[in-house]
Amino acid sequence: MHAKEQPAQGVAGRRRAPNPPGQAAVVVRPALGTTSAPAPVRPRPPPESPCSSWFAVVGRSDPAINAPSHAYLWTNGKMTDLGTLGGTFSQASAVNDHGLVIGTSLTAAGTTDGFAWAGGHISALAVDGATARPIGVNERDQVILTTGAAAQPGQPATTLGWLWRAGQRTALGTLGGQSATPTDIDNVGAVFGASDLASGDTHAALWLPRL
(Lines give C-alpha, C1' and ligand atoms only; values in the text may rest on other atoms or scores of the structure.)
Protein backbone atom coordinates (compact mmCIF):
# COMPACT_ATOMS: atom_id res chain seq x y z
CA MET A 1 0.00 0.00 0.00
CA HIS A 2 1.09 3.60 -0.56
CA ALA A 3 2.07 5.84 2.31
CA LYS A 4 -0.66 8.12 3.61
CA GLU A 5 -0.32 11.72 4.60
CA GLN A 6 -2.83 11.11 7.40
CA PRO A 7 -3.51 7.91 9.32
CA ALA A 8 -6.58 5.93 8.40
CA GLN A 9 -9.62 6.63 10.53
CA GLY A 10 -11.60 3.75 11.96
CA VAL A 11 -13.69 2.16 14.65
CA ALA A 12 -13.46 -1.35 15.99
CA GLY A 13 -15.81 -4.27 16.43
CA ARG A 14 -15.36 -7.72 17.92
CA ARG A 15 -16.15 -10.89 15.95
CA ARG A 16 -18.03 -13.83 17.50
CA ALA A 17 -20.64 -16.50 16.75
CA PRO A 18 -23.99 -15.36 15.22
CA ASN A 19 -27.08 -14.79 17.31
CA PRO A 20 -30.49 -16.12 16.16
CA PRO A 21 -32.41 -13.86 13.73
CA GLY A 22 -34.79 -11.30 15.24
CA GLN A 23 -38.21 -10.00 14.37
CA ALA A 24 -38.50 -7.07 11.99
CA ALA A 25 -41.77 -5.66 13.31
CA VAL A 26 -41.52 -3.08 16.07
CA VAL A 27 -43.71 -1.46 18.69
CA VAL A 28 -42.95 2.14 19.70
CA ARG A 29 -43.38 3.16 23.32
CA PRO A 30 -42.52 6.24 25.35
CA ALA A 31 -39.37 5.76 27.40
CA LEU A 32 -39.44 6.47 31.12
CA GLY A 33 -39.19 10.15 31.98
CA THR A 34 -39.60 13.19 29.78
CA THR A 35 -36.08 13.95 28.66
CA SER A 36 -35.68 15.21 25.13
CA ALA A 37 -33.14 12.54 24.19
CA PRO A 38 -32.07 9.24 25.76
CA ALA A 39 -28.58 8.23 26.81
CA PRO A 40 -26.95 5.80 24.38
CA VAL A 41 -26.31 2.18 25.27
CA ARG A 42 -22.87 1.75 26.85
CA PRO A 43 -20.42 0.21 24.38
CA ARG A 44 -18.79 -3.10 25.17
CA PRO A 45 -15.24 -2.99 26.57
CA PRO A 46 -12.51 -3.05 23.93
CA PRO A 47 -11.06 -6.47 23.04
CA GLU A 48 -7.94 -7.60 24.87
CA SER A 49 -5.84 -8.10 21.74
CA PRO A 50 -6.28 -5.73 18.77
CA CYS A 51 -4.19 -8.07 16.59
CA SER A 52 -6.19 -11.26 17.04
CA SER A 53 -8.30 -12.88 14.31
CA TRP A 54 -11.41 -11.93 16.33
CA PHE A 55 -10.83 -8.21 15.87
CA ALA A 56 -12.08 -5.97 13.05
CA VAL A 57 -11.64 -2.25 12.32
CA VAL A 58 -13.50 -0.11 9.80
CA GLY A 59 -13.01 3.46 8.66
CA ARG A 60 -11.69 5.22 5.57
CA SER A 61 -8.31 5.29 3.89
CA ASP A 62 -6.79 6.50 0.61
CA PRO A 63 -6.37 3.61 -1.86
CA ALA A 64 -3.56 5.57 -3.54
CA ILE A 65 -1.69 8.84 -3.11
CA ASN A 66 -4.01 11.82 -3.78
CA ALA A 67 -6.92 9.45 -4.42
CA PRO A 68 -10.34 9.94 -2.76
CA SER A 69 -10.82 7.96 0.41
CA HIS A 70 -12.66 4.63 0.40
CA ALA A 71 -14.28 2.71 3.22
CA TYR A 72 -12.17 -0.20 4.43
CA LEU A 73 -12.39 -3.26 6.66
CA TRP A 74 -9.26 -4.39 8.53
CA THR A 75 -9.20 -7.85 10.03
CA ASN A 76 -6.47 -10.38 10.75
CA GLY A 77 -3.84 -7.97 9.42
CA LYS A 78 -5.55 -7.46 6.05
CA MET A 79 -7.25 -4.32 4.73
CA THR A 80 -10.17 -4.71 2.32
CA ASP A 81 -11.38 -1.82 0.15
CA LEU A 82 -15.18 -1.82 0.42
CA GLY A 83 -15.71 0.27 -2.70
CA THR A 84 -18.45 2.87 -3.21
CA LEU A 85 -22.03 3.23 -4.44
CA GLY A 86 -20.73 4.45 -7.78
CA GLY A 87 -19.11 7.67 -6.59
CA THR A 88 -15.54 8.49 -5.67
CA PHE A 89 -15.71 8.56 -1.86
CA SER A 90 -16.95 6.31 0.93
CA GLN A 91 -16.38 5.87 4.65
CA ALA A 92 -17.40 3.13 7.08
CA SER A 93 -18.73 3.96 10.54
CA ALA A 94 -19.46 0.63 12.28
CA VAL A 95 -19.06 -3.14 11.98
CA ASN A 96 -20.74 -5.95 13.89
CA ASP A 97 -19.35 -9.31 14.95
CA HIS A 98 -20.42 -10.96 11.69
CA GLY A 99 -18.58 -8.50 9.45
CA LEU A 100 -21.62 -6.43 8.41
CA VAL A 101 -20.28 -2.92 7.80
CA ILE A 102 -22.32 0.28 7.56
CA GLY A 103 -21.29 3.71 6.34
CA THR A 104 -21.90 6.42 3.76
CA SER A 105 -20.82 6.83 0.15
CA LEU A 106 -21.10 9.15 -2.79
CA THR A 107 -23.31 7.77 -5.57
CA ALA A 108 -22.83 8.01 -9.32
CA ALA A 109 -25.31 10.90 -9.25
CA GLY A 110 -23.11 12.83 -6.81
CA THR A 111 -25.45 12.43 -3.83
CA THR A 112 -24.58 10.82 -0.50
CA ASP A 113 -26.33 7.68 0.69
CA GLY A 114 -25.91 5.08 3.40
CA PHE A 115 -24.63 1.61 2.60
CA ALA A 116 -24.38 -1.86 4.11
CA TRP A 117 -21.47 -4.12 3.10
CA ALA A 118 -21.08 -7.84 3.72
CA GLY A 119 -19.15 -10.61 2.01
CA GLY A 120 -17.85 -8.38 -0.76
CA HIS A 121 -21.23 -6.90 -1.69
CA ILE A 122 -22.23 -3.27 -1.05
CA SER A 123 -25.91 -2.25 -0.93
CA ALA A 124 -27.55 1.17 -0.84
CA LEU A 125 -29.85 1.86 2.12
CA ALA A 126 -31.96 4.55 0.41
CA VAL A 127 -35.69 4.38 1.21
CA ASP A 128 -38.04 5.23 -1.67
CA GLY A 129 -35.35 7.41 -3.20
CA ALA A 130 -34.69 9.33 0.03
CA THR A 131 -31.10 9.52 1.23
CA ALA A 132 -30.48 7.27 4.23
CA ARG A 133 -28.03 7.83 7.07
CA PRO A 134 -27.05 4.66 8.96
CA ILE A 135 -26.89 5.07 12.75
CA GLY A 136 -25.96 1.67 14.16
CA VAL A 137 -25.92 -2.11 13.67
CA ASN A 138 -26.44 -4.97 16.11
CA GLU A 139 -25.47 -8.66 16.21
CA ARG A 140 -28.69 -9.71 14.48
CA ASP A 141 -27.56 -7.78 11.40
CA GLN A 142 -30.26 -5.18 12.02
CA VAL A 143 -29.36 -1.64 10.96
CA ILE A 144 -31.09 1.50 12.21
CA LEU A 145 -31.09 4.48 9.87
CA THR A 146 -32.80 7.78 9.28
CA THR A 147 -34.21 9.56 6.25
CA GLY A 148 -35.12 13.21 6.13
CA ALA A 149 -37.35 15.58 4.21
CA ALA A 150 -36.36 19.20 3.75
CA ALA A 151 -38.52 21.91 5.26
CA GLN A 152 -41.37 23.11 3.09
CA PRO A 153 -43.07 26.53 3.28
CA GLY A 154 -44.86 26.60 6.60
CA GLN A 155 -43.65 23.11 7.51
CA PRO A 156 -40.55 22.02 9.48
CA ALA A 157 -38.00 19.52 8.26
CA THR A 158 -38.84 15.95 9.25
CA THR A 159 -36.74 12.91 10.14
CA LEU A 160 -37.99 9.33 10.11
CA GLY A 161 -36.38 6.21 11.59
CA TRP A 162 -36.13 2.82 9.90
CA LEU A 163 -35.01 -0.69 10.72
CA TRP A 164 -33.16 -2.51 7.91
CA ARG A 165 -32.29 -6.19 7.74
CA ALA A 166 -31.27 -8.25 4.70
CA GLY A 167 -32.70 -5.66 2.32
CA GLN A 168 -36.05 -5.34 4.11
CA ARG A 169 -36.99 -1.99 5.68
CA THR A 170 -39.53 -1.36 8.44
CA ALA A 171 -40.67 2.12 9.46
CA LEU A 172 -40.21 2.69 13.19
CA GLY A 173 -43.08 5.14 13.53
CA THR A 174 -43.46 8.06 15.95
CA LEU A 175 -45.22 8.91 19.22
CA GLY A 176 -47.83 10.87 17.30
CA GLY A 177 -45.63 13.63 15.88
CA GLN A 178 -43.97 14.10 12.51
CA SER A 179 -40.39 13.08 13.32
CA ALA A 180 -38.50 10.35 15.16
CA THR A 181 -34.76 9.71 15.40
CA PRO A 182 -33.26 6.38 16.51
CA THR A 183 -29.88 6.67 18.22
CA ASP A 184 -28.93 3.11 19.21
CA ILE A 185 -30.00 -0.53 18.96
CA ASP A 186 -29.19 -3.43 21.27
CA ASN A 187 -28.67 -7.09 20.41
CA VAL A 188 -32.27 -7.99 21.29
CA GLY A 189 -33.51 -5.54 18.66
CA ALA A 190 -34.74 -2.81 21.01
CA VAL A 191 -34.18 0.65 19.50
CA PHE A 192 -33.56 3.76 21.57
CA GLY A 193 -34.11 7.32 20.38
CA ALA A 194 -36.42 10.32 20.48
CA SER A 195 -39.76 11.13 18.89
CA ASP A 196 -42.06 14.09 18.51
CA LEU A 197 -45.44 13.97 20.21
CA ALA A 198 -48.63 15.22 18.59
CA SER A 199 -48.27 18.30 20.81
CA GLY A 200 -44.92 19.12 19.21
CA ASP A 201 -42.87 18.20 22.29
CA THR A 202 -40.02 15.73 21.93
CA HIS A 203 -39.66 12.78 24.31
CA ALA A 204 -37.31 9.84 24.59
CA ALA A 205 -38.71 6.75 22.86
CA LEU A 206 -38.17 3.00 22.93
CA TRP A 207 -39.05 0.74 20.01
CA LEU A 208 -39.43 -2.91 21.07
CA PRO A 209 -39.44 -6.00 18.83
CA ARG A 210 -42.91 -7.47 18.41
CA LEU A 211 -42.53 -11.04 19.66
Side-chain angles (χ1 to χ4, degrees), residues 9 11 13 19 22-45 58-59 85 91-96 100-107 111-116 123-211:
Q9 302 177 7
V11 294
N19 288 321
Q23 300 293 327
V26 293
V27 178
V28 59
R29 296 181 180 176
L32 294 177
T34 58
T35 56
S36 60
V41 175
R42 292 182 180 274
R44 289 168 296 179
V58 295
L85 294 174
Q91 60 181 0
S93 56
V95 59
N96 72 0
L100 176 62
V101 181
I102 60 172
T104 55
S105 171
L106 286 177
T107 68
T111 59
T112 300
D113 195 15
F115 72 81
S123 301
L125 297 177
V127 179
D128 297 330
T131 298
R133 184 170 72 92
I135 305 298
V137 58
N138 69 3
E139 300 312 322
R140 295 186 176 191
D141 295 342
Q142 295 172 310
V143 178
I144 51 172
L145 55 99
T146 60
T147 59
Q152 301 296 324
Q155 297 292 330
T158 59
T159 300
L160 295 177
W162 302 82
L163 183 70
W164 179 98
R165 186 175 187 271
Q168 300 298 314
R169 302 172 183 86
T170 301
L172 293 179
T174 74
L175 292 172
Q178 292 187 333
S179 294
T181 304
T183 58
D184 212 338
I185 183 171
D186 68 13
N187 290 332
V188 177
V191 178
F192 310 87
S195 172
D196 291 349
L197 306 181
S199 64
D201 294 336
T202 301
H203 282 194
L206 173 64
W207 292 265
L208 297 175
R210 180 174 292 141
L211 302 177

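Quantities reported herein were computed from a predicted structural model and do not represent experimental measurements. For this chain, numbers begin at 1 and follow the sequence in order.
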Taking all heavy atoms of Arg169 and all of Trp164, pick out the closest pair and write down the distance. CG-CD1, 3.6 Å
Taking side-chain hydrogen bond (donor to acceptor under 3.5 Å, both in side chains) as the test, write out the residues that go with Thr147, two or more places apart. Trp162
Under the side chain to side chain contact (heavy atoms under 4.5 Å, CB included) test against Ile135, which residue among Ile185, Asp184, Thr146, Val143 passes? Thr146
Do you know the tightest heavy-atom contact between Ala132 and Leu145? CB-CD1, 3.8 Å
For a quick test of reading the model, state the closest non-hydrogen atom pair linking Ala180 to Gly173 and the distance between them. CB-O, 3.5 Å
Could you measure the distance from the CG atom of Leu172 to the CG atom of Leu160? Nearest 0.5 Å is fine. 9.0 Å
How many angstroms lie between CD1 in Ile102 and CD in Gln91, if you round to the nearest 0.5 Å? 11.5 Å
Evaluate the side-chain proximity of Arg140 to Asn187: yes if any heavy-atom separation is below 4.5 Å, no if none is. no
Closest non-hydrogen contact found for Ser195 with Leu175 is OG-N, 2.8 Å
Are Ser179 and Thr174 packed together at the side-chain level, in the sense that at least one heavy-atom pair is separated by less than 4.5 angstrom? no
Distance (rounded to the nearest 0.5 Å) between Thr181 OG1 and Asp196 CG: 8.0 Å
Closest non-hydrogen atoms of Asp113 and Ala126, given as atom of the first, atom of the second and distance, are OD2-CB, 3.1 Å
I need the Gln178 CD to Leu197 CG distance, nearest 0.5 Å. 12.5 Å
For Phe192 against Trp207, the heavy-atom pair lying closest together: C-CZ3, 4.0 Å
Quick check against the 3.5 Å criterion: does Ser105 have a side-chain atom that pairs as donor or acceptor with the backbone of Leu85? yes
